[in-house]
Novice: 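Quick one: the structure is below, questions incoming.
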Amino acid sequence: MDKYDPIQIEKKWQKKWEEEGAFKADDNAQKTADGRPKAKMFLAEMFPYPSGAGLHVGHVRNFTIVDVLTRFYRQQEMNVLRPFGYDTFGLPAENYAIKTGISPQSATETNIKNFRKQAKRLGLAIDWSREINTSSPEYYRWTQWCFLQLYKKGLAYRKESEQWWCPVDQTVLANEQVEGGKCWRCGHEVEKKKMKQWFFKITDYADELLDNTDALDWPEKIKTMQKNWIGRSEGAEIDFELANQANSSKDNKRWQSATLFEGDTEPGKASSSAETPVATGVSDAPREESSSCQQTRHIRVFTTRPDTIFGATFLVLAPEHPMVPALTTEDTRAEVEAYIKATQKKSDIERQENKEKTGVFTGSYAINPATGEKMPIWIADYVLIGYGEGAIMAVPAHDERDYEFAKKFDLSIKVVIEKPEDSEDDSECYGGEGKLVNSGHFNGINSYDAREQVVAWLEEQGIGKQKVTYKMRDWLISRQRYWGCPIPIAYDKNGEPHPIPEDQLPVMIPEVKDYQPDNSGRSALAKAKDWLKVTIDGEEMTRETDTLDGYACSSWYLWRYTSPHDDKAAWDEDAIKYWAPTDIYVGGDHAVAHLLYIRFWCKFFADEGYLPFREPVKTLLYNGYINAPDGRKMSKSKGNVIDPLDIIESGYGADSLRTYEMFIGPYDQDAAWDTKGIGGVYRFLNRCYQLCFNLADDEKNSSHNSAIRNKAIKKVTEDLHRRSFNTAVAALMEYVNELYKSGATHEDVTVLAKLIGPFAPHLSAEMLEHLGENDIWPTWDEKELVEDELEIVVQVNGKLRAKVKINAGDLENQAVVEGLALQDENVQKFLNGEPKKTIYVPRAKLLNIVA
RNA sequence: GCCCAAGUGGCGGAAUUGGUAUACGCGGUGGACUUAAAAUCCGCUUCCUUUACCGGAUUAUGGGUUCGAGUCCCAUCUUGGGCACCA
């Protein structure tokens, strides 16, 4: 056998691993060969959606990163849990079913088989006894159990409101699934639709999610995105009293009962109620109609700049604000009504694109509590109904948007913050900090300090208080689709929801013939007439036909991995304690949605006593994409997709593919595929093979390569620890090149075989078998790294002019080094006389002579 | 518009603490082996000058700090990503 044949070698070892049931994680901590207790390590990739197209090169990169680390830790004798699973609910399977009539259950099964086969063909060190699948009843039974726990605590609730609706996918979407006004799946522009929907109250955890973010060992990019998404703003809510108005009360009554904006009356709801703790205040939970607006003579606003209250010259309400009808006077009614209608027609995309300020005057006034001045009340679409109170106090002198608005409609502008003299900001509108002016007894106070003092004054007057507001909304989890986890709820005759008792779980997905959702906004589950009926406590009820957002199913799967076949609990108490939280989680997607949801569920189940930790993932690695050779994204329509199985079967083998994808560049950067590049990696592995089977020379003594061997061990080990996979491969290539020059001993090749194990596990196993050695990770000896003779770089005025050789023992002896350097002809030529000073850095093996 | 990251040969990229810039691979090129090709092996390959040595220039651009800067500081340009009327 003198030719490297990866296909045969890989087949052999994959069969062996399959038969042995290799890579099983042990729920009890084991001891190493030399008696130390094994440390546990729990790694996972973001489990894939098994599409009909099979694995693509992006999966391979993602899985290989986890596999390299898995094998590295295994070789270091750690107890490693590296499971695998499939995120199988979702629209593609359902759309496929609508088109072909093949059930999602059966299509999913086919796809899983294919994915499993392909993953095994990559030689992944997976504990296959822990495979999970979110659409299997054994799994979704516990997803439903999780839902019920949230429901019991009031964190799963139902509310009617305007929601994002994708007309193509015929379902509602969570805010996290709307990207730039478009559906994350099909890219179609989303619409607003008013529906009664289920939500998870993630906003209850807004503060903790935000406050814990900084401490995570996650990429800064992801942490920033999450913080921006939560979007906490600290400020104040302030009530502005209405000025007396000669409104006809008859008209007001008629307007109040008008139904321009049915249902979605968020601003009124956004203030506190019994159900919603004041501290979070952003929940979309149903609650009593607030007393602050409709019955009283106040308008409540939210501001982050209470210090500028003396500069507030007008109020602006969102057109959808429930008080607008009451505020509108006879003369302005036609205009206001027209403006509201125009706003309703505009899509959110249009509202975002056109930032030219528009608005109309309602005809009413409020009183500025600080100045006593009358403030006109306007409506404008630059004020958003869904944030804060849906109303603002406009301070045109110190807010860019208010300034634009005031300029356009000729409203008064009053400066109350003095721009510092050194400020480079020369625009008329100043948004920065400074001393207060024109602000009564607050004059002279720095604006930053004034925030607190003004709030204290407002509180004294009983017209305002400190307030924290968030951009994050509650998580909409209803989906009007068939292929999802049924929500375990049923409705009685009065339409009141009741939880399905836990002993009746799982609520199975019924089989249907027609998967098409109906036009009424109900999923195909509504067509399973028998399934719809359920009896709870002797009462006949009708099942919920919405299914759960797929993200709910993936919010707890990491914990399921610790006891995947448990039929008594979602996860076993002892197993979770031993394995979780996940040490290293690797993915390249879902920066806010999934990665925020798992943190939310973790905190909730920790509060319920089911988890002994509050963050689910210690270290997150976020890998980059692999693009087509032309640098564009791979896609079927562009015809530039590289199929990893083609690469493997064309003769390169899985080891070459794996190693190439680790060598292509830093794991967290995007990279462009280069089919030629994999040839270079194949040549490298072939050279490893040749060294082992044809070139190794046992006659030579093993010490002559000691320095390069120890250097290679050190470099590869340290690079793997800092996840610099590409340079680890480069170091292995260098090592092989050196062994080709110097000749390799049994020990040299053994070390090589062990070090390539994480990248090219099949070849590694083949070589180690031939050598008769185990795969335990080698260690290096610092003493062996020191060479007898050292080369010192000599610079004159910072420019390289010579290199001198010294004995290793003289490294710290500056006089010797200097003496040798000054004898050098080239150094003398550039020195031209006596040196002014010399700088010697033994660590860098560098001498700089300043002339 | 705001925030963040990055810019190094023909290409992917390396340089871990401020210390030999261009490791490793691709591509190119010369040679060995071969009837020939492939495969394999051995050289060369940042640019300019040079047969060669020597030398000069160079990490997007312009400044600065330092004995010494790809790395630190300031400004500018370009690319990528995120947010985008969030009061």
Side-chain angles (χ1 to χ4, degrees), chain A residues 3 180 219-222 224-225 227-229 231-233 235 282 301-305 308 312 316 351-357 380-384 386-395 398-402 404-405 431 469-472 591-592 629 631 660 663-666 668-681 683-684 686-687 690 715 718-719 721-722 724 726-737 740-741 791-803 825-826 829-830 835-851:
Chain A
K3 200 182 170 305
E220 285 305 317
K221 190 176 77 175
I222 309 296
T224 306
M225 281 170 75
K227 283 192 271 186
N228 290 343
W229 184 260
R232 178 156 95 179
S233 295
V282 288
V301 307
F302 173 73
T303 180
T304 54
R305 292 294 300 271
T308 61
V316 188
R351 256 171 103 157
Q352 271 169 26
E353 274 169 4
N354 185 7
K355 295 199 175 161
E356 173 80 30
K357 295 281 174 294
D381 65 3
Y382 83 92
V383 175
L384 307 173
Y387 183 76
E389 301 290 335
I392 61 156
M393 65 174 207
V395 185
H398 305 292
D399 181 279
E400 197 63 47
R401 297 150 303 187
D402 299 343
E404 261 179 62
F405 195 81
T469 299
Y470 303 84
K471 286 189 210 171
M472 183 171 67
V592 283
Y660 171 64
F663 183 59
I664 196 168
D668 56 353
Q669 282 174 29
D670 289 356
W673 181 270
D674 173 15
T675 301
K676 292 253 176 60
I678 197 166
V681 173
R683 280 191 279 280
F684 156 67
N686 181 43
R687 280 157 79 87
Q690 299 304 334
K715 174 74 175 154
E718 289 181 347
D719 279 359
H721 276 300
R722 68 190 176 103
S724 181
N726 56 330
T727 57
V729 175
L732 286 164
M733 288 171 167
E734 262 178 281
Y735 180 50
V736 166
N737 291 345
Y740 255 66
K741 278 181 203 141
E791 196 176 60
I792 301 292
V793 168
V794 183
Q795 298 180 330
V796 178
N797 290 331
K799 280 199 190 278
L800 175 68
R801 295 303 177 191
K803 290 176 182 179
E825 254 179 63
N826 213 34
K829 191 170 120 196
F830 284 92
K836 277 197 197 119
K837 67 170 170 175
T838 57
I839 285 119
Y840 180 53
V841 190
R843 176 180 52 83
K845 289 185 268 179
L846 177 139
L847 177 73
N848 189 13
I849 304 172
V850 184

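Keep in mind that what you see is a predicted model, and the values were worked out from it rather than measured. Just so it is clear, the values below take in all heavy atoms, side chains as well, and ignore hydrogens, waters and symmetry mates. Just so we're on the same page: letters track the sequence lines, and every chain starts at 1.
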Novice: Would you find a donor on one side and an acceptor on the other, under 3.5 Å apart, between the side chain of A:R305 and the backbone of A:G431?
Specialist: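 The answer is yes, because a donor-acceptor pair under 3.5 Å joins these two groups.
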Novice: Using atom CZ of A:R722 as one end and atom P of B:A14 as the other, report the distance to the nearest whole Å.
Specialist: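 A:R722 atom CZ is separated from B:A14 atom P by 9 Å.
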Novice: On RNA chain B, check which nucleotide each of A:R687 and A:I664 is closest to and give me the residue with the more 5' one.
Specialist: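 Its nearest nucleotide being more 5', the pick is A:I664.
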Novice: If only atom types and distance count, is the side chain of A:N848 paired as donor or acceptor with the main-chain N or O of A:G798 below 3.5 Å?
Specialist: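 Looks like yes, one N/O pair under 3.5 Å.
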Novice: Nearest whole angstrom, please: distance from the P of B:G68 to the CD1 of A:I849.
Specialist: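 Whole-Å distance recorded here is 15 Å.
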Novice: Could you measure between the two C1' atoms, the one in B:C11 and the one in B:A5, and give it in whole Å?
Specialist: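 Each nucleotide's C1' atom is 23 Å from the other's.
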Novice: One character per nucleotide, please: for nucleotides 20-31 of chain B, 5' to 3', B when the base has a protein heavy atom closer than 4.0 Å, S when only the sugar-phosphate does, - otherwise.
Specialist: B--BBSSS----
Novice: Say you pick atom P in B:U76 and the same atom in B:G30; how far apart are they, in whole Å?
Specialist: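 49 Å, rounded to whole Å.
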Novice: Look at A:Y387 and B:A87 and indicate whether a side-chain polar atom (N or O) is within less than 4.0 Å of OP1 or OP2.
Specialist: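 For B:A87, OP1/OP2 do have a side-chain N/O of A:Y387 under 4.0 Å.
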Novice: If you take atom types as modelled and just measure distance, does the side chain of A:K357 reach the base of B:C85 with a donor-acceptor pair under 3.5 Å?
Specialist: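 Looking at the base of B:C85, it does pair with a donor or acceptor on the side chain of A:K357 (distance under 3.5 Å).
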Novice: On a whole-Å scale, what distance lies between the P atoms belonging to B:U8 and B:A14?
Specialist: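 About 11 Å, rounded to a whole number of Å.
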Novice: Please identify each residue that fulfils ring pair (Phe, Tyr, Trp, His ring centres under 6.0 Å) with A:F405, with sequence neighbours left out.
Specialist: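 Partners of A:F405 under the ring pair (Phe, Tyr, Trp, His ring centres under 6.0 Å) test: A:F314, A:W378, A:Y382, A:F409.
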Novice: Quick check: does any side chain N or O of A:N826 sit under 3.5 Å from a backbone N or O of A:R801, one acting as donor and the other as acceptor?
Specialist: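 Yes, A:N826 side chain to A:R801 backbone: donor-acceptor pair under 3.5 Å.
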Novice: May I ask you to verify if any side-chain N or O of A:K227 is less than 4.0 angstrom from the OP1 or OP2 atom of B:C4?
Specialist: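 Looking at the OP1 and OP2 atoms of B:C4, neither is under 4.0 Å from any side-chain N or O of A:K227.
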Novice: Taking the C1' atom in each of B:G10 and B:U29, what is the distance between them to the nearest angstrom?
Specialist: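 Roughly 13 Å separates the two C1' atoms.
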Novice: In terms of the nearest nucleotide of RNA chain B, which residue is placed more toward the 5' end: A:D402 or A:R801?
Specialist: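 Upstream on the strand: A:R801.
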Novice: How would you label the contact of A:V850 with the nucleic acid (heavy atoms, under 4.0 Å): base, sugar-phosphate, or nothing?
Specialist: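 Sugar-phosphate, no base atom in range.
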Novice: When you compare B:U17 with B:C72, how far apart are their C1' atoms, in angstrom units rounded to a whole number?
Specialist: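 Straight-line distance between the two C1' atoms is 13 Å.
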Novice: Kindly point out which of B:G68, B:G12, B:G43 is positioned nearest to the side chain of A:K741?
Specialist: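 Looking only at heavy atoms from C-beta outward on A:K741, the closest nucleotide is B:G43.
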Novice: Within the side chain of A:D402, is there an N or O that forms a donor-acceptor pair under 3.5 Å with the backbone of A:V395?
Specialist: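 Looks like yes, one N/O pair under 3.5 Å.
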Novice: Mind checking the P distance from B:C42 to B:U78? Whole angstroms is fine.
Specialist: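 That atom pair is separated by 47 Å.
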Novice: Starting from C1' on B:C85, measure out to NZ on A:K471 and report it in whole angstrom.
Specialist: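 In whole Å, B:C85 C1' lies 11 Å from A:K471 NZ.
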Novice: Taking atom C1' in both B:U66 and B:C74, what distance in whole Å separates the two?
Specialist: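 Per the computed distance, 16 Å lies between those C1' atoms.
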Novice: Less than 4.5 Å apart, any side-chain heavy atom of A:S233 and any of A:Y470?
Specialist: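 Side-chain contact under 4.5 Å: no.
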Novice: Students often get this wrong, so: under 4.0 angstrom with heavy atoms, is A:T224 touching a base, only sugar-phosphate, or nothing?
Specialist: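 Nothing: the residue A:T224, judged by heavy atoms under 4.0 Å, touches no strand.
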Novice: Taking Watson-Crick (N1-N3 plus N6-O4 or O6-N4) and G-U wobble (N1-O2, O6-N3), each under 3.5 Å, can you produce the dot-bracket string of RNA chain B? Use [ ] for crossing pairs and | for inter-strand ones.
Specialist: (((((((..(((......[....)))((((((.......))))))(((......)))..(((((..]....))))))))))))....
Novice: Heavy atoms from C-beta onward define the side chain here; which of B:A87, B:G55, B:C67 lies closest to that of A:N826?
Specialist: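 Nearest listed nucleotide: B:G55.
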Novice: Which glycosidic conformation, syn or anti, is assigned to B:G9 if syn requires a torsion within 90° of zero?
Specialist: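 Syn conformation for B:G9.
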Novice: Kindly indicate whether the side chain of A:M393, heavy atoms from C-beta on, has any atom under 4.5 Å from the side chain of A:V316.
Specialist: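 Answer no - side chains too far apart.
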Novice: Which nucleotide wins on minimum distance to the side chain of A:F302, given the candidates B:A87, B:C85, B:G55?
Specialist: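 Looking only at heavy atoms from C-beta outward on A:F302, the closest nucleotide is B:A87.
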Novice: Quote, to the nearest angstrom, the C1' distance that separates B:G9 from B:C26.
Specialist: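 Per the computed distance, 13 Å lies between those C1' atoms.
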Novice: Ring centroids only, cut at 6.0 angstrom: are A:Y660 and A:W673 within range, meaning strictly under it?
Specialist: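 Between A:Y660 and A:W673, the centre distance is under 6.0 Å.
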Novice: What is the separation between atom NZ on A:K799 and atom C1' on B:U58, rounded to the nearest whole Å?
Specialist: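 A:K799 atom NZ is separated from B:U58 atom C1' by 10 Å.
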